[in-house]
Amino acid sequence: MIQLADAAGNLVAFNDDHEDLAAGLNTHQADSWLMARLPADGEYYVHIGDTARHGGEEFAYRLRLSAPQPDFDLRVVPSSLGLRSRGTGALTVYAQRKDGFSGPITLTLNDAPAGFSAATITLGGTQNVAQLSIKTTLTATPEPVVLTVAGSAKIGGQDVLREAVPAEDRMQAFLWRHLVPAGDLKALVFDPSYRPPPKRIAGARPPTLPVINAPVSTNTLDGTNTVSGTNAVATPPRFTRQQVAARTREIKRLFDEGMFTDEFYYEKLAELETAE
């Protein structure tokens, strides 16, 4: 932790554990940071301490002490995006403002590939999170396409451009969240009506035997027998149409994975067809 005190020992500023979006896989975000305006000319003291009151030669610290150096970093989540044909998807952009930078940040899809676009949005001085909508006019892409999100701002009279680092939002210990960096920001456009070719083609289906209504014999009270050609008692269906459809898909999946023989596959299909 860091404490800033005046010559008389009065506390001017204090910090313990400053949240850093750039920490990535460093799950112990224990670095401290503070910025303070000195109330008057004079001597001031910076105190560095360990919250567990440990110390010694094994403990080393690096301290940056300077005038503010305003800047910003960006993270974009998630690192991959699936878009339906001529559809729209959303990305979340996080801004890490440094040393009190409070200027507007304009977010764009930088050097957008053909068929992709995004409306420009601006983060105000009090905003650190925004949703960037990605649109495509394509029906499908054979391979994922790399996108680049960038933010521009004016700092100290200079135009500054920062590319957003693709990341994934992950949770640690059911509480702390981390934006873990990824390699690229990729988008894939897919046609929802596309059906891949079957993994396995069944052989010829054996002929289905016709269902013959067997004669039903009934004994009457006078001892005579009557024979009718059909059984008048209707058997209720075993499954609903939705259940039959779901079971048919499951049987097809198991067949594609090689779990069923052709004969067993057709046998189960026949059972479902008679169960409706």
Side-chain angles (χ1 to χ4, degrees), residues 1-77 92-108 121-132 149-182:
M1 59 182 178
I2 299 178
Q3 297 182 69
L4 176 64
D6 61 16
N10 299 312
L11 186 65
V12 176
F14 168 85
N15 180 259
D16 176 25
D17 293 358
H18 171 67
E19 184 178 3
D20 183 5
L21 293 180
L25 288 173
N26 179 14
T27 57
H28 188 54
Q29 299 183 39
D31 285 347
S32 300
W33 176 91
L34 62 82
M35 185 172 68
R37 181 180 295 276
L38 302 180
D41 292 342
E43 292 184 346
Y44 292 85
Y45 296 88
V46 178
H47 302 271
I48 301 176
D50 187 288
T51 55
R53 298 187 181 277
H54 294 160
E57 294 181 356
E58 296 84 2
F59 288 74
Y61 302 92
R62 291 181 296 274
L63 175 67
R64 177 175 71 86
L65 180 64
S66 71
Q69 300 176 12
D71 204 342
F72 68 95
D73 281 333
L74 298 174
R75 296 291 185 272
V76 57
V77 176
T92 302
V93 184
Y94 295 86
Q96 172 84 10
R97 297 178 180 271
K98 299 181 179 181
D99 287 9
F101 174 66
S102 59
I105 303 173
T106 302
L107 303 175
T108 59
I121 58 175
T122 300
L123 287 170
T126 59
Q127 293 178 291
N128 296 321
V129 183
Q131 293 286 326
L132 187 65
V149 175
S152 59
K154 191 173 288 292
I155 302 176
Q158 301 292 323
D159 292 329
V160 177
L161 182 68
R162 298 281 183 263
E163 290 189 1
V165 177
E168 294 294 333
D169 187 350
R170 294 290 182 261
M171 177 183 285
Q172 173 214 352
F174 308 101
L175 178 61
W176 302 111
R177 307 198 71 89
H178 302 271
L179 300 183
V180 182

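Hydrogens, waters and symmetry mates play no part in the numbers below; they use all other heavy atoms, side chains included.
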- Note on the structure: d(Ile105 CD1, Ile121 CD1) to nearest 0.5 Å is 11.0 Å
- Query: Do Tyr61 and Ile2 pass the side-chain contact (heavy atoms from CB on, under 4.5 Å) test, and can you show the C-alpha distance, the side-chain angles, and the key distance before you say yes or no?
  - Reply: CA-CA 11 Å; Tyr61 302 92; Ile2 299 178; over 6 Å; no
- Message: Other residues, nucleotides and ligands only: do more than 12 of their heavy atoms fall within 6.0 Å of CD on Glu168?
- Response: yes
- Task: Give the minimum heavy-atom separation between Asp6 and Val12, together with the two atoms involved.
- Result: N-CG2, 4.0 Å
- For residues Ala130 and Leu123, report the shortest heavy-atom separation together with the two atoms involved. CB-CD2, 3.4 Å
- Smallest separation among heavy atoms of Leu107 and Leu74, with atom names: CD2-CD1, 3.9 Å
- For the residue pair Phe72 and Phe101, does the interplanar ring angle fall in the parallel (under 30°), tilted (30 to 60°) or perpendicular (over 60°) class? parallel
- Asp73 pairs by side-chain hydrogen bond (donor to acceptor under 3.5 Å, both in side chains) with which of Arg162, Lys98, Arg97? Lys98
- Item | Gap between atom CG of Asp31 and atom CZ of Arg64 - 0.5 Å precision | 11.5 Å
- Message: Give me the atom names and distance for the closest heavy-atom approach of Ala36 to Ala13.
- Response: CB-CB, 3.9 Å
- Between Tyr45 and Glu43, do the side chains contain an N or O donor and an N or O acceptor separated by less than 3.5 Å? yes
- CA sep, side-chain torsions, deciding dist, call: Val165, Leu179, side-chain contact (heavy atoms from CB on, under 4.5 Å): CA-CA 10 Å; Val165 177; Leu179 300 183; over 6 Å; no
- To the nearest 0.5 angstrom, please state how far the CZ atom of Phe59 sits from the CD1 atom of Ile48. 13.5 Å
- Identified side-chain hydrogen bond (donor to acceptor under 3.5 Å, both in side chains) counterpart of Trp33 within the set Asn15, Asp99, Asp17: Asp99
